[in-house]
Amino acid sequence: MRHIISILMENEAGALSRVAGLFSARGYNIESLTVAPTEDPTLSRMTLVTRGNEEIIEQITKQLHKLIEVVKLADLSEGVHIEREMMLIKVLAKGSHRAEIKRLVDIFRGSIIDVTDSSYIVEMTGTSDKLDAFIGAVHEDLIVETVRTGPSGIARGTKGLSL
Amino acid sequence: MELSGAEILVQCLKDEGVEHLFGYPGGAVLHIYDAIFKQDELRHILVRHEQGAVHAADGYARATGKPGVALLTSGPGATNGVTGIATAYMDSIPMVVLTGQVPTPFIGSDAFQEVDTLGITRPCVKHNFLVKDVRDLAETLKKAFYIATSGRPGPVVVDVPKDVTDPNIKIPYVYPKTIKMRSYNPVKKGHLGQIKKAVDLILSAKRPVIYSGGGVVTGDGAAELTDLVREMNLPITSTLMGLGGYPGTDRQFLGMLGMHGTYEANMAMHDCDVLIAIGARFDDRVTGKIKDFCPEAKIIHIDIDPASISKNVRVDIPIVGPVKSVLADMVKVAKEHKNQPNKEALAQWWSLIEKWRAVNCLKYNTKSKRIKPQHAIELLHKITNGDAYIASDVGQHQMWTAQYYPFDKSQHWLTSGGLGTMGFGLPAAMGAKVAHPDKDVVCITGDGSIQMNIQELATCKQFDLPLKVMLLNNGYLGMVRQWQEFFYGGRYSEVTVEAQPDFVKLAEAYGHVGMRVEKPEDLEGALREMLAMKDRLVFLDVVIDPGENVYPMIMAGKGHHEMQLSPDCELS
Ligand SMILES: Cc1cc2nc3c(=O)[nH]c(=O)nc-3n(C[C@H](O)[C@H](O)[C@H](O)COP(=O)(O)OP(=O)(O)OC[C@H]3O[C@@H](n4cnc5c(N)ncnc54)[C@H](O)[C@@H]3O)c2cc1C
Ligand SMILES: Cc1ncc(C[n+]2csc(CCOP(=O)(O)OP(=O)(O)O)c2C)c(N)n1
Ligand SMILES: [Mg+2]
């Protein structure tokens, strides 16, 4: 099962490598990981997507919690939550493709943020599935490169992961 | 008070109550050694190899419950210490290891004797720190001791760049009295609801058994455990690490469990209906084949580390908390409980256990013309009244010690269980002797293991540490030979330690007393002579039967009820 885990941790050098090291040492997989400081600069917020059965996920959350720098964490998949991922994708846009891609970007509510006479850079935000779908919709020969942030997640409702 | 970083470091250790420090100097820690030179409260013990320093600090911690402290230089000093750090980590031993580092401006430049100590040690420490500013030094050290000793204990490394200890930069010194960390709050008490549920379950049990572990020893829970066991008339077995947490000579103690555990302990595990795991982590040496582990049991697990719970085996009633307070609460709840233990069922259970016990699984051939290691250890137990601090190395001799030296007291048994580090014994014994100069401290070792840190005999000479070394010399890497005998058709590949030094002369060369004993009839006399020399380190080379094996044994992939018993025992 896919799980999305949100981690609030001390914004200290080395904290990220502790998390990464934990996953490699214990053989857990990381599908994606994003991290940045929060409104409180002493804290960082990390969103981590992993896969495993219930026992493995339980171990992962417990082991993460054991890391001294981890202040709080939540398995967002346990409740209703929102996920968003951002993608920058460079596509070849020549001739008839230009209009076609523009149409596609509109349908997916993305925006074209850079234009040359033969390419576009498209910015798109959404669930990872939506981004996958967009990639699927563009002919693969037209894709020059894609950069994805990996999903960030937040639980719905008034409660938050904070101190 | 204005102090330099080096002086602050030394002063912090004193303020933390540290009396002994095991270390080895080098460029990156010169300022610190200068500060050590200028004082005489903190006693520094100069080892002969950094691995020895860390094991000695570890042995000190195991024998006292206080954190051990080691000081190493950067680069090779730190890497030499890694085996010691990993050893302490696997056994959850509180320790603070201070390592020198190249000056901050040089970090990352492949400077002389630079290694990424934080990166190298990260997977085998509870936590580690790099101190980049002298103003952070005192608080970081306070945190290091706090983290090392609280919750599930473990080693903490503090990496200190040379410029941070600069004697010319002085700053005001205050050592924080307490420390609070928003990201680290170990549990102080167990959940009372869970404790009540556990007591209910134990009282309703017909065939309960306690499986206690190293957490009882490090968590200072021996007295509370004994109360609980007696109060509820429970049978108890222990892991290798938990030995001494309950009196080993007591009738209710079934001996060690697991791969080389006793028949009665493992059978009780297999047949129990309620298992109470206390400060133990369901290691694979203990559980055997998971599918056959306690097939009929409901399981209660007390552990301070939530990650230990349901890691290898699913449990029914988890209690997260320190053994000491949880056990005290359990005794209280049991005493006030409206129900009593099921006396009749327990009596039946005990009579079944006595039948298993009658198999006498630790019996060995006492008629042999060669010295049997089991006999040597039993004699040592007799002569020391079971009261010595015993450090072991790793191998057959370690298992025999666990089986034939029943520990009545906690913190008297120092062994590397989790990592199984050969070379641990002698330096660990050193640590124990530093802590308890007036007590008997014996290192029980093997001919392979002792040669991994034998250089520490010189440390013992220099610092007047008259411990005893009892070498069970079988001329083999015995434990490996045993596996090759059982599982590789007796093809003894690279396990003969053919060119052995003359250990008697070697001991003498280091300035100690060396003795050798080869005949069973001379053994007791030799052991007595050894222990009578209170102020000398005596190295006794005991030449034992080379073919002796450790029994019982649960072979790989087998369950607790499928033990291989010794050909000498009485199962008919
Ligand atoms: C050659 C060899 C053979 C071995 N054979 C055996 C064998 O036959 N039988 C055997 O038992 N072992 C054997 N071992 C040792 C084995 O590898 C493990 O080290 C050992 O079983 C682990 O013991 P433990 O479960 O008590 O855990 P420890 O490693 O001592 O862990 C302690 C547990 O207690 C918890 N804890 C710590 N402090 C507290 C506290 N204050 N309150 C609550 N909980 C706390 C910790 O979180 C941890 O879960 C062998 C080792 C070697 C080298
Ligand atoms: C540092 C290290 N290397 C290798 C091993 C693997 N090993 C486990 S027991 C053993 C043999 C130990 O021989 P010895 O010290 O003579 O003890 P004996 O088994 O003969 O009593 C070996 C090589 C280990 N545990 N530690
Ligand atoms: Mg040997």
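Since the structure is predicted, the reported quantities are computational estimates derived from the model, not experimental observations.
Residue-environment remark: CZ (A/R2) exceeds the threshold of 12 foreign heavy atoms within 6.0 Å. Environment of NZ in B/K311: crowded, with over 12 heavy atoms of neighbouring residues, nucleotides or ligands closer than 6.0 Å. Within 6.0 Å of the NZ atom in B/K289, the count of heavy atoms belonging to other residues, nucleotides or ligands exceeds 12. Atom CD1 of A/I154 has 12 or fewer neighbouring heavy atoms from other residues, nucleotides or ligands inside a 6.0 Å radius. With a 6.0 Å radius and a threshold of 12 heavy atoms from other residues, nucleotides or ligands, A/K90 has its NZ atom at or below the threshold. A/H81 NE2: more than 12 foreign heavy atoms inside a 6.0 Å radius. No more than 12 heavy-atom neighbours from other residues, nucleotides or ligands sit within 6.0 angstrom of CG on B/D110.
Remark: B/D159 pairs with no residue by the salt bridge (Lys or Arg N to Asp or Glu O under 4.0 Å) rule, at least two apart or across chains.
Rounded to the nearest 0.5 angstrom, B/S183 OG and A/E10 CD are separated by 4.5 Å. Rounding to the nearest 0.5 Å gives a distance of 11.5 Å between CD of A/E69 and CZ of B/R182. Atom NZ of B/K143 is separated from atom CD1 of A/I68 by 10.5 Å, given to the nearest 0.5 angstrom.
The interface of residues 53-63 of chain A with chain B, defined by heavy-atom distances below 4.5 Å, comprises A/E55, A/E58, A/Q59, A/K62, A/Q63. When the heavy atoms of residues 95-119 of chain A are compared with those of chain B, none of the residues falls under 4.5 Å. Residues of residues 27-45 of chain A that come within less than 4.5 angstrom of chain B, heavy atom to heavy atom, are A/D40, A/T42, A/L43 in numerical order.
Contact of B/P123 with chain A is not made at all, since no heavy-atom distance falls under 4.5 Å. Interface remark: B/L130 contributes no atoms to any contact with chain A (heavy atom separation under 4.5 Å). With a 4.5 angstrom heavy-atom cutoff, B/D305 touches chain A only via side-chain atoms.
With chain B as the partner, the residue from A/A13, A/A25, A/S17, A/G21 showing the most heavy-atom pairs under 4.5 Å is A/S17.
Residues A/R18 and B/N128 have side chains in contact (heavy-atom distance under 4.5 Å, counting atoms from C-beta outward).
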